[in-house]
S.K.: 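This is the structure I have questions about; it appears just below.
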Amino acid sequence: MESLKIHNSLKPGAPVPFVPIEPGKVSWYVCGPTVYDKSHLGHARNYVSTDIIRRILMHYFGFSVKFVMNMTDVDDKIIIKARRQRLLELEKNKTYSNDDLRKLALAAFKAYAASSLPLLSGDGADLDETNYAARRDAAYGKVLSGHALCGEGKPGDAEAKVKMHIGNMDAAANGLQEGAIFPGADEILLPYLDSLYKETIDTRDQTIFTDLTKSMEALFTEDMDNLNVMRPDVITRVTEYVPQIVRFVERVVEKGFAYEAEGSVYFDITAFEKAGNTYARLRPDSKNDKSLQEEGEGSLSKNLGGKRGAGDFALWKKSKAGEPFWSSPWGEGRPGWHIECSVMASDILGSRMDIHSGGIDLAFPHHDNELAQSEAYFCEHGKGEHTWVNYFLHMGHLSISGSKMSKSLKNFQTIQDALSANYTARSMRIVFLMGKWNDGVEISPDMRAQSDNWESTISNFFTNTKSWLAEAEAVTDGVKSLSIGEGKLATGLLADLEQAKKEVEGALLNSFDTPRAMLVILKLVNSTNAYLKDNKDTDLAEVEAIARWITKMVGIFGLDANANAPYDGLGWASAISANVDPKTAIGPYAAVFDRVKADVTKLSLPGDAIPTLLGRDPAKEFASVASSGSRDMEKLALPYLRAVSQIRDELRRVVGAQSPQVKKEILVITDRIRDHDLTNLGVYLDDRPDNQPSLIKFIPAAELIAAREEKAAREAEKARKKEEMRLAREKVEQEAKEKAKIPPEELFKKDERYGAWDEQGLPTKMKDGSEVPKSQMKSLKKLWDKQKKVHDDLKAKGGL
């Protein structure tokens, strides 16, 4: 077998061979979320893609993976949000006059504009809610209309940030106009109150921060569970590692690669490089990017001083008033952002690890700084550079209209909202599988259409295959052939399957190329469907082999939350709760059978077929399946469903020979079984011609019910239009009848255009006394003749 190759950010270019430190085992650290807000689709893209790779390593290639994730629960963003929320709560509890509250909101309004939307005014002194809209449109109209702020380029992050700030200002302006300061002006008050009172917050009580992070971590975990992302083997949190972080920093200082300055400790890049080490190994071109350096240090670090080099970064930060703090040899402070991962990853995985991963936006400075400080910690003078990470994997961005999805830009859809509105966990994962993990993804209507088509094609194939197998087993007691006949032709399906396996393996060996693998699977299903259409005597064992292999692959990709490795089932797995016994779970299916049996017994139909079917006891077959230990809901339900389906098939066969009343009763029962009894249980009976037995198909009840309701809505709309047409037709007929009642002699008498008429009632003079034009007389005579005819007809029919 070829060796696995993966894209390694430490060695840009083509994928490189993957050789773990210990054969068969993989040590992996992933940067987890900063838990200060709800998770969005950008997080889903990152962690679902990571989960897919983890699953492939474990369940396809057979590696034992030790997977460690951190939760950043001390960070500038966390500090700012928690502190601002507390200050806003305190402000809302104060007693304000309406005038004073307005003054506070207006001051915040002007301050927010000055700092975030400077084009609104020079200093914002005369800006208020009355002139805001006009200034907004004049200054930022281009951005609001979808263009770039400057030049003719495409809008991006800068424009997304402008729109976010405008949205906050819009809400505040409305709040000022309507006197609804809270919550209208909340977003602009947060930074303003922080600027006024941040140093008054007593941070000895760290619950102000931990209450926020614990709640957000719980929501993140719930989101990941809902997306079928496997939980980490180990979760680490910064607040639980402060002593270890202090010791780690001390050692880096002792080695001469860091220095203390004004209560903070900075990594000395110059010293590190002079010792023969490489800095910014991941993104050397970004080494001197001041904006990225500042972003990496955090907004609360702007006033910390004493750095020797512009790029030197904080390992330990002196805490200012209003910030959480811990004791250290350098005074009260808190960990720098990058140091947390180095310490926690090294504590669990040691001085070397196979894989480190995270979003591409973390490459510089976060991951480059992690590498530098960790290599500084573990390096031994005279022995060259230390290798802390062998393979760095960076997940591509998820974009919206050219701008990355970001909490700070507020241009995101939360995972919760996405799953409740327009995604399922499976459909979202399919979207990410259709793109390479290390490439950017911008979700478009075309991409959604492709992923939805992939899912429906695979689902239909699973459904049909299981239906054919169930029918074959019921009819032939195990002979698995679509034709249920002898002399079946040899097929090429198994050859197609082997080719697909080779192509999928090649794709996964090539840096987990899931888009290619997904296309191969889709192609196999389409070619199998085409073959079955033209070869009705195909051996179902071959079709089953294809379906089981695809089941294994979709299980490995994490597309079935109910399935477990080694994914040896067939199709999407069904499951019953572990604390519900099979007999209880099967109750609704048994109830349908009992109801059908009772209803059909009342019909007292002649012949032996129906009584024989009614005399069968599916409970015996169910008991046999249950005793085998099966927890597959479909297998457990099948005995009852077969019994119901066979009774219904027989009713459909004999209905033509019954009296009108019995026929009506039979049709009511057969329609109810298909459209209500079984639909509500997620079962569809696919009726076939020529007295063939109906195929039992398991389809999610929600889909069947939605289709039923859609059909009912179409039929109701059709009936409504038909009724409208009938009423319109009746109206026309009634109007024609009323007009026909008028004698032809009276037809023109009430027309004010005319002044004289002859004995037949035809106009002879216009109102002004002039003669009626001859050309008009012709038309008038035709109308008179037509009226005479319809009037005489109505009279002859007794309508007058």
Side-chain angles (χ1 to χ4, degrees), residues 1-7 14-18 26 44-45 47-63 65 227-230 357 393 395-396 425-441 443 446-462 465 493-529 545-561 563 565-572:
M1 182 182 80
E2 296 181 29
S3 63
L4 170 63
K5 295 180 180 180
I6 63 176
H7 282 285
V16 298
F18 179 68
V26 175
R45 193 285 195 262
Y47 296 112
V48 168
S49 296
T50 301
D51 181 71
I52 289 167
I53 296 174
R54 180 185 177 191
R55 287 172 176 272
I56 293 171
L57 285 173
M58 292 172 60
H59 300 146
Y60 188 88
F61 292 117
F63 286 102
V65 177
L227 291 175
N228 197 30
V229 172
M230 294 188 297
S357 67
L393 277 55
M395 309 299 144
R426 180 179 297 157
S427 66
M428 190 183 297
R429 190 173 278 254
I430 290 172
V431 167
F432 298 145
L433 282 160
M434 300 287 263
K436 290 187 177 180
W437 58 270
N438 56 326
D439 286 346
V441 173
I443 298 177
D446 285 346
M447 174 178 280
R448 281 305 306 270
Q450 290 175 11
S451 63
D452 290 346
N453 174 68
W454 192 95
E455 182 177 6
S456 62
T457 299
I458 302 304
S459 292
N460 289 337
F461 180 65
F462 284 154
T465 299
L493 289 182
L494 290 181
D496 290 346
L497 172 59
E498 291 307 309
Q499 181 62 29
K501 287 182 177 180
K502 290 178 182 178
E503 291 183 16
V504 165
E505 179 152 306
L508 298 185
L509 285 170
N510 184 28
S511 193
F512 317 108
D513 187 353
T514 59
R516 175 60 185 160
M518 297 287 277
L519 287 175
V520 171
I521 292 170
L522 184 65
K523 178 183 175 183
L524 177 62
V525 172
N526 286 334
S527 63
T528 301
N529 287 336
I546 290 172
R548 288 189 179 279
W549 175 73
I550 294 175
T551 299
K552 182 178 289 290
M553 292 312 305
V554 298
I556 291 171
F557 291 160
L559 292 176
D560 193 345
Y567 310 112
D568 288 335
L570 197 164
W572 308 123

S.K.: Calculate, to the nearest 0.5 Å, the distance between atoms CD1 and CG belonging to I556 and L508 respectively.
M.R.: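 Answer for the CD1-CG pair, I556 versus L508, is 8.0 Å.
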S.K.: How long is the straight-line distance from CE of M553 back to OH of Y60, given to the nearest 0.5 Å?
M.R.: 5.5 Å
S.K.: On a heavy-atom basis, which atom in N510 and which in P15 lie closest, and how many Å separate them?
M.R.: OD1-CG, 3.6 Å
S.K.: Run the side-chain contact (heavy atoms from CB on, under 4.5 Å) test on H7 and F512 for me, step by step, so that the C-alpha distance in whole Å, both residues' side-chain angles and the decisive distance to 0.1 Å come before the verdict.
M.R.: CA-CA 9 Å; H7 282 285; F512 317 108; over 6 Å; no
S.K.: Stepwise, does the side-chain contact (heavy atoms from CB on, under 4.5 Å) test hold for W437 with L393?
M.R.: CA-CA 9 Å; W437 58 270; L393 277 55; 3.7 Å; yes
S.K.: Does F557 have any ring-ring contact (aromatic ring centres under 6.0 Å, His included) partners at least two apart in sequence or in another chain, and if so, which?
M.R.: none
S.K.: Roughly how far, to the nearest 0.5 Å, is the CG atom of L570 from the OG1 atom of T551?
M.R.: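 T551 OG1 to L570 CG: 5.0 Å, rounded to 0.5 Å.
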S.K.: Once you round to the nearest 0.5 Å, how far does CG of L497 lie from CD of Q499?
M.R.: 10.5 Å
S.K.: Could you check whether any side-chain N or O of N453 sits under 3.5 Å from a backbone N or O of A449, counting only pairs where one atom can act as donor and the other as acceptor?
M.R.: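 No: the side chain of N453 does not pair with the backbone of A449.
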S.K.: With side chains defined as the heavy atoms from C-beta onward, is the minimum distance between L559 and L433 less than 4.5 Å?
M.R.: yes
S.K.: Name each donor-acceptor pair under 3.5 Å that joins a side chain in residues 48-55 to protein atoms two or more places apart or in another chain, with its distance.
M.R.:
| from | atom 1 | to | atom 2 | distance (Å) |
| --- | --- | --- | --- | --- |
| S49 | OG | R45 | O | 2.8 |
| S49 | OG | R45 | NH1 | 2.7 |
| T50 | OG1 | N46 | O | 2.8 |
| D51 | OD1 | M230 | N | 2.9 |
| D51 | OD2 | R55 | NE | 2.7 |
| D51 | OD2 | R429 | NH1 | 2.9 |
| D51 | OD2 | R429 | NH2 | 2.9 |
| R54 | NH1 | M230 | O | 3.2 |
| R54 | NH1 | R231 | O | 3.2 |
| R54 | NH2 | R231 | O | 3.1 |
| R55 | NH1 | Y567 | OH | 3.4 |
| R55 | NH2 | N228 | O | 2.9 |

S.K.: Working to the nearest 0.5 angstrom, can you tell me the gap between T528 OG1 and I550 CD1?
M.R.: 6.5 Å
S.K.: Over all heavy atoms of both residues, which pair between S511 and I6 is shortest? Give the atoms and the distance, please.
M.R.: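 Smallest interatomic distance, heavy atoms only, reads OG-CA, 3.5 Å.
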S.K.: Taking only residues two or more places apart in sequence or in another chain, which ones pass salt bridge (Lys or Arg N to Asp or Glu O under 4.0 Å) with K436?
M.R.: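 Scan of K436 (salt bridge (Lys or Arg N to Asp or Glu O under 4.0 Å), adjacent residues dropped) gives none.
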S.K.: Sequence neighbours excluded and cut-off under 3.5 Å, please list the side-chain donor-acceptor pairs for residues 516-526, or say none.
M.R.:
| from | atom 1 | to | atom 2 | distance (Å) |
| --- | --- | --- | --- | --- |
| R516 | NH2 | E503 | OE1 | 3.1 |
| N526 | ND2 | L522 | O | 3.4 |

S.K.: Begin with the C-alpha distance, continue with both residues' side-chain angles, and end with the deciding distance and a verdict on ring-ring contact (aromatic ring centres under 6.0 Å, His included) for F18 and F61.
M.R.: CA-CA 12 Å; F18 179 68; F61 292 117; 9.1 Å; no
S.K.: Using side-chain contact (heavy atoms from CB on, under 4.5 Å), reason through R448 and S427 one step at a time and then give a plain yes or no.
M.R.: CA-CA 9 Å; R448 281 305 306 270; S427 66; 4.3 Å; yes
S.K.: Going by side-chain contact (heavy atoms from CB on, under 4.5 Å), name the residues that satisfy it together with D560, two or more places apart in sequence or in a different chain.
M.R.: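 Expected list: R426, N562, A563, W572, A573.
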S.K.: Please identify each residue that fulfils salt bridge (Lys or Arg N to Asp or Glu O under 4.0 Å) with K501, with sequence neighbours left out.
M.R.: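 Per chain and number, K501 pairs via salt bridge (Lys or Arg N to Asp or Glu O under 4.0 Å) with E498.
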S.K.: What are the two closest heavy atoms between G435 and T514, and how far apart are they?
M.R.: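 In terms of heavy atoms, the two residues are closest at O-OG1, 3.9 Å.
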S.K.: Rounded to the nearest 0.5 Å, how far does CG of L227 lie from OH of Y47?
M.R.: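 Between Y47 OH and L227 CG, I get 12.5 Å after rounding to 0.5 Å.
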S.K.: Can you name the closest pair of heavy atoms from G569 and R548 and give their distance?
M.R.: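 Here G569 and R548 meet closest at O-NH1, 3.3 Å.
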